[in-house]
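Worksheet: the structure to be examined is printed underneath.
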Protein chains: 2
Amino acid sequence: MSDTELASDLVVHAARLVRAVRRDLELPAGTRIISLLDEHGPLGITQLAELDRCSQPTMSAAVAQLVESGWVTKKPNPDDARGTVVTLSDTGRDELRRVRRRHGERVAALVAQHPDLTTEDLATAVAVLRGILQEGTS
Amino acid sequence: MSDTELASDLVVHAARLVRAVRRDLELPAGTRIISLLDEHGPLGITQLAELDRCSQPTMSAAVAQLVESGWVTKKPNPDDARGTVVTLSDTGRDELRRVRRRHGERVAALVAQHPDLTTEDLATAVAVLRGILQEGTS
DNA sequence: GAGCACTACATAGGTTGCCTATGTAATCTG
DNA sequence: CAGATTACATAGGCAACCTATGTAGTGCTC
């Protein structure tokens, strides 16, 4: 199978996976954001939007929700009064742990059902997705 | 990294990829459906919903849209007057080809930017996603 | 062969997750 | 200091889902 065919299949299957997970486990948009904050530390709205590859207004709204949930805090940036610093709170970190465990257990169980899929394969899949998303502005 | 961590990352990154693709290339829900019809041949609404892991009403609406676009046809099932048979039309097959080429080229280009990602890695990623989704009712 | 449970699909109504367009305030730049 | 740029917020709208519920056809059971 060619690269283009594979790449196209990758997208369709990824879409299917996301909806399947969202369906019976919940996958709010906020999960992606707190995951970014966990990985990169405190960030501004625009930076978050770029990392998550969504529009700035979308990120504004998403962060507002997270603030309401108490998973992040939003403070004015001391070095630039226009900007904001979004920081992961302790409860946010807890939530991230919970979500990760839920998703992890579930998906890992499915992977385990397929003896031909190894941990290495899983790592490869993640690496591929991560690679594709990296600076993939092209 | 543990399996659960990897699995959780897989979900988050898949979500990010899907939105990124949807953003600058369009990834309508119909794409998944005509892709299923291409793979499995004519199917009923409920069967499609199960394969795509969405609810039946969602699939009803999606198929209605596809009918309007002319990419599929919907006929009553001769063996069961309650049922419907959804069939991929020629224009639908053309559309599928177009979409696949667009997505494929785009994502394949991104993959090509990362010399450490091989075609085999890509194939592995697809296999992982496909495996996870297979009968993943658990 | 009448009633009942079940199945396949449609409709209604609501939520979430995004987007573009646009406004506002703060910061840089000539 | 005027104008461009940057960081964010607001408004309005659309696509893709969902659950709950209705309806018609099927199959079983007695």
Side-chain angles (χ1 to χ4, degrees), chain A residues 11-12 14-36 42-69 72-87 99, chain B residues 11-12 14-36 42-69 72-87 99:
Chain A
V11 172
V12 168
R16 207 127 46 200
L17 171 65
V18 170
R19 233 219 8 279
V21 170
R22 223 190 283 270
R23 195 173 182 193
D24 43 40
L25 283 184
E26 291 176 10
L27 175 56
T31 300
R32 295 197 311 269
I33 302 170
I34 58 180
S35 159
L36 281 174
L43 293 167
I45 300 271
T46 302
Q47 291 174 301
L48 276 171
E50 278 166 6
L51 284 173
D52 198 41
R53 307 179 72 72
C54 71
S55 73
Q56 169 264 311
T58 295
M59 187 53 73
S60 280
V63 167
Q65 257 185 255
L66 289 177
V67 169
E68 203 167 340
S69 305
V72 306
T73 59
K74 213 170 74 171
K75 281 179 262 185
N77 185 337
D79 297 339
D80 186 339
R82 300 168 296 180
T84 315
V85 179
V86 181
T87 309
V99 169
Chain B
V11 172
V12 168
R16 208 128 44 202
L17 171 66
V18 169
R19 233 222 4 282
V21 170
R22 223 191 284 268
R23 193 174 183 192
D24 44 39
L25 282 184
E26 291 177 10
L27 176 57
T31 300
R32 295 196 312 270
I33 302 169
I34 58 180
S35 157
L36 280 175
L43 292 168
I45 299 272
T46 302
Q47 290 175 302
L48 276 171
E50 279 167 6
L51 285 173
D52 199 42
R53 305 179 73 73
C54 72
S55 73
Q56 168 264 309
T58 294
M59 187 52 72
S60 280
V63 166
Q65 258 185 253
L66 290 177
V67 168
E68 203 168 338
S69 305
V72 306
T73 58
K74 213 170 75 171
K75 282 179 262 185
N77 185 338
D79 297 339
D80 186 341
R82 299 168 297 180
T84 315
V85 179
V86 181
T87 309
V99 169

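Convention: sequence-line order gives letters A, B, ...; per-chain numbering from 1.
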Practice task
Select one nucleotide: of D:dA24, C:dC9, D:dA7, the one nearest the side-chain heavy atoms of B:R82.
Solution key: D:dA24
Practice task
Look at the side-chain N and O atoms of B:S60 and state whether any lies under 4.0 Å from the OP1 or OP2 oxygen of C:dC9.
Solution key: no
Practice task
Among the candidates D:dC8, C:dG17, D:dC17, find the nucleotide nearest to the side-chain atoms of A:P28.
Solution key: C:dG17
Handout entry: N/O (side chain, A:T58) to phosphate O (OP1/OP2, C:dC19) under 4.0 Å
Key = yes
Handout entry: B:Q56-B:S60 side chain donor-acceptor pair, cut-off 3.5 Å
Key = yes
Problem - A:Q56 (side chain) and D:dA9 (base): donor-acceptor pair under 3.5 Å - result: yes
Problem - Rounded distance in Å - CD1 (A:I33) to P (C:dT16) - result: 15 Å
Practice task
Report yes if a side-chain nitrogen or oxygen of A:K74 is closer than 4.0 Å to either non-bridging phosphate oxygen (OP1 or OP2) of D:dA9; otherwise report no.
Solution key: yes
Practice task
Consider the side chain of B:P57, meaning its heavy atoms from C-beta on, and name the nucleotide among D:dA7, C:dA12, D:dT26 that approaches it most closely.
Solution key: C:dA12
Exercise for the section: Please figure out whether A:A61 or B:G30 has its closest DNA chain D nucleotide nearer the 5' end. Expected result: A:A61
Handout entry: Between P of C:dT20 and CG of B:D24, the distance in whole Å
Key = 10 Å
Exercise for the section: Flag the pair B:L25 / B:V21 as yes when at least one side-chain heavy-atom distance between them is below 4.5 Å, and no otherwise. Expected result: yes
Practice task
Just call it for A:D80: base, sugar-phosphate, or nothing, with non-hydrogen atoms closer than 4.0 Å on any strand.
Solution key: sugar-phosphate
Exercise for the section: Would you tell me if any nitrogen or oxygen in the side chain of A:R32 comes within less than 4.0 Å of OP1 or OP2 on C:dC18? Expected result: yes
Practice task
Measure the distance from CD on A:E50 to C1' on D:dT6 and round it to the nearest whole Å.
Solution key: 11 Å
Exercise for the section: Nearest whole angstrom, please: distance from the P of D:dC17 to the CZ of A:R16. Expected result: 11 Å
Practice task
Would you give the length of the straight line joining atom CE of A:M59 to atom CG of A:L43, rounded to the nearest 0.5 angstrom?
Solution key: 9.5 Å
Practice task
For the side chain of B:A29, starting at C-beta, report the closest nucleotide among D:dC8, D:dA16, D:dA24.
Solution key: D:dA16
Problem - Presence of A:S55 side-chain N/O under 4.0 Å of C:dC18 phosphate oxygens OP1/OP2 - result: no
Exercise for the section: Could you state the atom-to-atom distance from CZ of A:R22 to P of C:dT16 in whole Å? Expected result: 12 Å
Problem - Phosphate OP1/OP2 of D:dC17 contacted by A:R19 side-chain N/O (<4.0 Å) - result: yes
Handout entry: Interatomic spacing from NZ in A:K74 to OG1 in A:T87 - rounded to 0.5 Å
Key = 12.0 Å
Handout entry: side-chain N/O A:R23 vs D:dC18 OP1/OP2, d < 4.0 Å
Key = yes
Practice task
Round to a whole Å and report the spacing from CG of B:L25 to P of C:dC18.
Solution key: 17 Å
Fill in the blank from the handout: Taken to the nearest 0.5 Å, the spacing of B:R23 CZ from A:R53 CZ works out to 8.0 Å
